[in-house]
Amino acid sequence: MRPQATCRRALCFAGAAGNKERNMPATSMEELVSLCKRRGFIFQGSEIYGGLQGFYDYGPLGVELKNNIKAAWWRANVYERDDMEGLDSSIIMHRLVLRHSGHEATFSDPMVDNKKNNKRYRLDHLVKDQKADVIAKVAAHMGADPENFPALVAALNADPAKASEALRASGVRDAFSGEVGDWTEPKPFNMMFKTTIGPVADEESYGYLRPETAQGIFTNFKNVVDSTSRRLPFGIAQIGKAFRNEITPRNFIFRVRELEQMEIEFFCTPGTDEDWHAHWLEKRLSWWEAQGVPRSKIEILDVPKEDLAHYSKRTYDLMYDYPTLGHEEIEGIANRSDYDLGSHTKSQSELNLVASVTENNDSIAKLTIPHPDTNKPVVPFVIEPSAGVDRALLAVLSEAFTKETLENGNERIVLKFRPHLAPIKVAVIPLARNKPELVELARQIKSDLQQLGLGRILLEDSGNIGKAYRRHDEVGTPYCVTVDFDTIGQNEGENADLKGTVTIRDRDTLQQQRVAISDLSGWLQAKLK
RNA sequence: GCGGGAGUAGCUCAGCUGGUAGAGCACUACCUUGCCAAGGUAGAUGUCGCGCGUUCGAAUCGCGUCUCCCGCUCCA
């Protein structure tokens, strides 16, 4: 049995749980991983040198699927709205960006191990879960106020050796065993990738690979406002790579160290943030639906206060029910209040910030925009719908994966992608490979269809017709166009009127119909929109 | 990081107590007036994850390491 959902508190189930008729979903991750490798969707990173944990490469079909998902997102969130701008900011960022964003502090949580049972805990979580008298002892040992927990954590984090003594001297218990633990010295785990900039690696010449694309949006807030004359409310969208040094990358492309994000930072007037938060929740759910990830399989988690990230006022996590993983986060929609722009702006004290930010004497920009009512400068609130491309791809793949038993008893694997996401749109197949007339005409049709800009069109002239159909089922090609002897008018008599027509075979229904070559472009354009 | 399992052809796997690697499918070429993994003929394919050790000899035994899966832990 697989582990059940890790959900803590479900706000609601969006939509009725209409269980769609399905022969069989992917039951194991291995099955998906195997298909992905066999057909060229996803490969292990650095594979020929033994692989590298938490890194994956997208193959010929994977890159198409990924590009299609990103294009669908961009279309829905940038082109089809009037209040959005796009951005593509750099991956390596100034260390001060990640310092003032709060990541430098919160991305390096010290961890301690209990040598008795080899359990590992975050130091602050471990101390927080102790009884009051134990916390008091720890605080006394550290010379900190037991009532001020953040200060206590700061003291513990600052001095690992002393923290270690405090844990031992205070009888800190292991939450799992309930016994007093034999604690190691806290070890920092840096979750951000650091890199040196320039040829000389010295103390100060380093930067970070961004752990989220969002920071590039915040640091360009003023540039975008100044260059586009945007007023509130408006948003900035960005798709790009982000890097997190996860302790335990797991579950194929679900938790990886190099990931791609599709992020929106939507800037609005303080006080309107809750309405916009609801707006984006709705928008995002309907987008997922359009990608073939139904609402009935997404649980909306209203993240409990104590689990919120350091920047968040309130967050909805969209928990998709992965057939292979149970409910896991596919997108987070956070209300980041004025935390980010407030953290990165100069003159913080003049701006009536709501969020508690740390002092910033480094920024040279005031990140304000005129209030729509008063025209006075204001730091806007931010709603952030942030989705992982890799997780989206895994969800789309999971939903599309179908194993069917045909009427003749044979089994087939089909990826029932929505047509706009399918890596290959159309396969053009000559019925026999050794008839140059068929192959030539198929090649010509392929070339003509390619000009339509629908995406990838493939000339499929290997194997036999049955194998070609099955192969394209397995990669989710919605339509196969077959050129046969009727097409080239080599069947005398009864089928003479079929000259100039081809068959189109539907991936899901297996039905075929004849369409004139002259009508083919229009027919496919209508279906693949 | 801990515990358990696994890694052999593109895929799924067999390979006993050590004797130098196999099957099915897939693949490639040719043939087939052929429509749902069809039929015929021929063919290619492996550092047995990697390294070290034991041994006359290692896919097989031991140690280390990398990767994947499961369970903990972690996932700001």
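Values in this document were obtained by computation on a predicted structure and should not be read as measured data. Here is how names work: the chains are called A, B, and so on, in the same order as the sequence lines, proteins then strands, and each is numbered from 1.
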Peer 1: Of all residues at least two apart in sequence or in a different chain, which pass the ring pair (Phe, Tyr, Trp, His ring centres under 6.0 Å) check with A:Phe252?
Peer 2: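 With sequence neighbours excluded, A:Phe252 shows a ring pair (Phe, Tyr, Trp, His ring centres under 6.0 Å) to A:Tyr56, given in chain and number order.
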Peer 1: Using whole Å, what does the distance between atom P of nucleotide B:rC66 and atom CZ of A:Arg257 come to?
Peer 2: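 Rounded to the whole Å, the gap is 12 Å.
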Peer 1: Of all of residues 383-391 of chain A, which get a heavy atom below 4.0 angstrom from RNA chain B, listed by number?
Peer 2: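 Nothing qualifies; none.
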Peer 1: Please write out the pairs of protein N or O atoms and N or O atoms of nucleotides 26-28 of chain B separated by less than 3.5 Å, giving the distance to one decimal.
Peer 2:
residue, atom, partner, partner atom, Å
B:rC27, OP1, A:Arg471, NH1, 2.8

Peer 1: If you assign each of A:Glu212 and A:Leu52 to its closest nucleotide in RNA chain B, which residue comes earlier from the 5' end?
Peer 2: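 Closer to the 5' end of RNA chain B: A:Leu52.
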Peer 1: In which ranges does RNA chain B form stems of 3 or more consecutive Watson-Crick or G-U pairs, distances under 3.5 Å?
Peer 2: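 Stems for RNA chain B, defined as runs of 3 or more consecutive pairs: B:1-7 with B:66-72, B:10-13 with B:22-25, B:27-31 with B:39-43, B:49-53 with B:61-65.
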Peer 1: Any idea which of B:rC68, B:rC69, B:rG10 is nearest the A:Lys37 side chain?
Peer 2: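 Shortest atom-to-atom distance from the side chain points to B:rG10.
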Peer 1: Between the side-chain atoms of A:Arg505 and the base atoms of B:rC36, is any donor-acceptor pair under 3.5 Å?
Peer 2: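 Side chain to base: pair found, below 3.5 Å.
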Peer 1: According to a strict under-4.0 Å criterion, is A:Ser34 in side-chain N/O contact with OP1 or OP2 of B:rU12?
Peer 2: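 Checking A:Ser34 against B:rU12: at least one side-chain N or O falls below 4.0 Å of OP1 or OP2.
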Peer 1: Expressed as a whole number of Å, how far does the C1' atom of B:rC16 sit from that of B:rG22?
Peer 2: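 That atom pair is separated by 15 Å.
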Peer 1: Starting at CG of A:Leu126 and ending at P of B:rC74, how long is that distance when rounded to a whole Å?
Peer 2: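 In whole Å, B:rC74 P and A:Leu126 CG are 10 Å from each other.
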Peer 1: Only counting residues at least two apart or in another chain, list the ones meeting side-chain contact (heavy atoms from CB on, under 4.5 Å) with A:Ser101.
Peer 2: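 Only A:Leu98, A:His103, A:Gln215, A:His344 meet the side-chain contact (heavy atoms from CB on, under 4.5 Å) criterion with A:Ser101.
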Peer 1: Return no unless some side-chain N or O of A:Arg470 is found under 4.0 Å from OP1 or OP2 of B:rA37.
Peer 2: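 A:Arg470 to B:rA37 OP1/OP2: side-chain N or O found under 4.0 Å.
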Peer 1: Do nucleotides 41-47 of chain B as a string where each nucleotide becomes B, S or -: B if the base has a protein heavy atom under 4.0 Å, S if just the sugar-phosphate does, - if no protein is that close.
Peer 2: -------
Peer 1: Under 3.5 Å, side chain of A:Ser170 to main-chain N/O of A:Leu167, donor-acceptor pair present?
Peer 2: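 No, A:Ser170 side chain to A:Leu167 backbone: no donor-acceptor pair under 3.5 Å.
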Peer 1: Below 4.5 Å, heavy atoms only, C-beta onward: do A:Met191 and A:Glu246 meet side chain to side chain?
Peer 2: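 A side-chain contact under 4.5 Å exists here.
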Peer 1: What contact category does A:Gly40 fall into here, base, sugar-phosphate, or nothing, at under 4.0 angstrom with non-hydrogen atoms?
Peer 2: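 Counting heavy atoms under 4.0 Å across all strands, no contact is made by A:Gly40.
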Peer 1: Can you check whether A:Ile217's main-chain N or O pairs, donor with acceptor, with A:Glu265's side chain at less than 3.5 Å?
Peer 2: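 Such a contact is absent between A:Glu265 side chain and A:Ile217 backbone.
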Peer 1: With the side chain of A:Arg244 defined as its heavy atoms from C-beta on, choose the nearest nucleotide among B:rA76, B:rU67, B:rC36.
Peer 2: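 Nearest to the side chain of A:Arg244 among the choices is B:rA76.
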Peer 1: Hey, are the side chains of A:Asp338 and A:Val382 touching, using non-hydrogen atoms and a 4.5 Å cut-off?
Peer 2: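 Sidechains of A:Val382 and A:Asp338: no contact.
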Peer 1: Using atom C1' of each nucleotide, how far apart are B:rA58 and B:rU73 to the nearest Å?
Peer 2: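 Between the two C1' atoms, the distance is 37 Å.
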Peer 1: Donor-acceptor check, side chain of A:Gln238 to backbone of A:Thr213, threshold 3.5 angstrom: yes or no?
Peer 2: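 Yes.
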Peer 1: Please confirm whether any donor atom in the side chain of A:Asn464 sits under 3.5 Å from an acceptor in the base of B:rC36, or the reverse.
Peer 2: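 Absent.
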Peer 1: Atom CZ of A:Arg412 to atom P of B:rA38: distance rounded to whole Å?
Peer 2: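 After rounding, the reported distance stands at 16 Å.
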Peer 1: Between B:rG46 and B:rA59, how far apart are the two C1' atoms, rounded to whole Å?
Peer 2: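 My reading of the C1' atoms in B:rG46 and B:rA59 gives 12 Å.
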Peer 1: Both A:Asp506 and A:Phe55 contact RNA chain B. Taking the nearest nucleotide for each, which residue is further toward the 5' end?
Peer 2: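 Here A:Asp506 is the residue nearer the 5' end.
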Peer 1: Quick one: label A:Asp484 by what it contacts on the DNA or RNA (base, sugar-phosphate, nothing), any heavy atom closer than 4.0 Å.
Peer 2: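 Touches a base.
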Peer 1: Base, sugar-phosphate, or nothing: which does A:Glu474 touch, judged by heavy atoms less than 4.0 Å apart?
Peer 2: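 The residue A:Glu474 makes base contact.
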Peer 1: Going by the rule ring pair (Phe, Tyr, Trp, His ring centres under 6.0 Å), which residues pair with A:Tyr206 if we only count those two or more places apart in sequence or in a different chain?
Peer 2: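 With sequence neighbours excluded, A:Tyr206 shows a ring pair (Phe, Tyr, Trp, His ring centres under 6.0 Å) to A:Tyr208, given in chain and number order.
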Peer 1: Take atom NZ in A:Lys131; do more than 12 heavy atoms of anything else shown fall under 6.0 Å from it?
Peer 2: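 No, because the 6.0 Å sphere around NZ of A:Lys131 holds 12 heavy atoms or fewer from other groups.
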Peer 1: Does the distance from a Lys or Arg side-chain N to an Asp or Glu carboxylate O, for A:Asp362 and A:Arg99, drop under 4.0 Å?
Peer 2: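 Salt bridge flag = no for A:Arg99 with A:Asp362.
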Peer 1: Restricting to ring pair (Phe, Tyr, Trp, His ring centres under 6.0 Å), what partner residues turn up for A:Phe254, sequence neighbours left out?
Peer 2: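 Partners of A:Phe254 by the ring pair (Phe, Tyr, Trp, His ring centres under 6.0 Å) criterion, ordered by chain and then number, come out as A:Tyr322.
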Peer 1: Extract all donor-acceptor atom pairs below 3.5 Å that involve side chains of residues 435-445 of chain A and protein atoms in other chains or at least two apart in sequence.
Peer 2:
residue, atom, partner, partner atom, Å
A:Glu437, OE2, A:Gln490, NE2, 2.9
A:Glu440, OE2, A:Arg443, NE, 3.2
A:Gln444, NE2, A:Asp448, OD1, 3.1

Peer 1: Quote, to the nearest angstrom, the C1' distance that separates B:rG19 from B:rA38.
Peer 2: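 Rounded to whole Å, the distance is 43 Å.
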Peer 1: For A:Leu308, what residues pass the side-chain contact (heavy atoms from CB on, under 4.5 Å) criterion, not counting sequence neighbours?
Peer 2: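 So A:Leu308 forms a side-chain contact (heavy atoms from CB on, under 4.5 Å) with A:Val303, A:Lys305, A:Ser312, A:Thr315.
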Peer 1: Write down the distance between CZ (A:Arg38) and C1' (B:rC11), rounded to a whole number of angstrom.
Peer 2: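 After rounding, the gap between these two atoms is 6 Å.
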Peer 1: Just by distance, with hydrogens left out, do A:Tyr320 and A:Ser398 show a side-chain donor and acceptor under 3.5 Å apart?
Peer 2: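 Their side chains do not contain a donor-acceptor pair, so the 3.5 Å distance test is not met.
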Peer 1: Rounded to whole Å, how long is the line connecting atom CD of A:Gln44 with atom C1' of B:rG10?
Peer 2: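 Nearest whole value for this atom pair: 17 Å.
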Peer 1: How far, in whole Å, is B:rU65 from B:rG71 if one measures between their C1' atoms?
Peer 2: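 Comparing C1' positions in B:rG71 and B:rU65 gives a spacing of 23 Å.
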Peer 1: Report the distance from atom NE2 of A:His472 to atom C1' of B:rC35, rounded to the nearest whole Å.
Peer 2: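 After rounding, the gap between these two atoms is 15 Å.
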Peer 1: Report which part of the nucleic acid A:Gln512 touches: base, sugar-phosphate, or nothing (heavy-atom distance under 4.0 Å, all strands).
Peer 2: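 Base contact - A:Gln512 has a heavy atom under 4.0 Å of at least one base atom.
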Peer 1: Using atom C1' in both nucleotides, what's the gap between B:rG10 and B:rG62 to the nearest angstrom?
Peer 2: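 That atom pair is separated by 33 Å.
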Peer 1: Nearest of B:rC69, B:rC11, B:rU67 to any side-chain atom of A:Phe252?
Peer 2: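 When the side chain of A:Phe252 is considered, B:rC69 is the closest of B:rC69, B:rC11, B:rU67.
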Peer 1: Which nucleotide in the set B:rG10, B:rG71, B:rC35 lies at the smallest distance from any side-chain heavy atom of A:Arg250?
Peer 2: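 Between B:rG10, B:rG71, B:rC35, the one nearest the side chain of A:Arg250 would be B:rG71.
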Peer 1: Quote, to the nearest angstrom, the C1' distance that separates B:rG4 from B:rU45.
Peer 2: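 So the two C1' atoms sit 35 Å from each other.
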Peer 1: Any salt bridge linking A:Arg507 with A:Asp473? Criterion: basic side-chain nitrogen under 4.0 Å from a carboxylate oxygen.
Peer 2: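 No.
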Peer 1: What's the CD-C1' distance between A:Glu437 and B:rU33, to the nearest Å?
Peer 2: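 Result: 12 Å.
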Peer 1: With sequence neighbours excluded, what pairs up with A:Ser356 under the side-chain contact (heavy atoms from CB on, under 4.5 Å) test?
Peer 2: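 Per chain and number, A:Ser356 pairs via side-chain contact (heavy atoms from CB on, under 4.5 Å) with no residue.
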Peer 1: Select base, sugar-phosphate, or nothing to describe what A:Phe43 touches, counting heavy atoms under 4.0 Å on all strands.
Peer 2: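 Nothing: the residue A:Phe43, judged by heavy atoms under 4.0 Å, touches no strand.
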Peer 1: Where the side chain of A:His103 is concerned, which of B:rA76, B:rU67, B:rU32 is the nearest nucleotide?
Peer 2: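 Closest nucleotide among those given: B:rA76.
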Peer 1: Could you give the CG-to-P distance, from A:Leu431 to B:rA38, as a whole number of Å?
Peer 2: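 Computing the A:Leu431:CG to B:rA38:P distance gives 14 Å.
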Peer 1: Would you tell me if any nitrogen or oxygen in the side chain of A:Tyr208 comes within less than 4.0 Å of OP1 or OP2 on B:rA76?
Peer 2: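 Looking at the OP1 and OP2 atoms of B:rA76, neither is under 4.0 Å from any side-chain N or O of A:Tyr208.
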Peer 1: For B:rC66 and A:Gln53 - does any side-chain N or O of the residue sit under 4.0 Å from the phosphate oxygens OP1/OP2?
Peer 2: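 Indeed not, no polar side-chain atom of A:Gln53 lies that close.
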Peer 1: Would you say A:Asn434 places a side-chain N or O within less than 4.0 Å of OP1 or OP2 belonging to B:rU33?
Peer 2: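 No, A:Asn434 has no side-chain N/O under 4.0 Å of OP1/OP2 on B:rU33.
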Peer 1: With sequence neighbours excluded, tell me which residues meet ring pair (Phe, Tyr, Trp, His ring centres under 6.0 Å) with A:Tyr339.
Peer 2: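 In terms of ring pair (Phe, Tyr, Trp, His ring centres under 6.0 Å), with neighbours along the sequence ignored, A:Tyr339 is linked to A:His310.
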Peer 1: Which value, in whole Å, describes the distance between the C1' atoms of nucleotides B:rC70 and B:rU32?
Peer 2: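 Each nucleotide's C1' atom is 49 Å from the other's.
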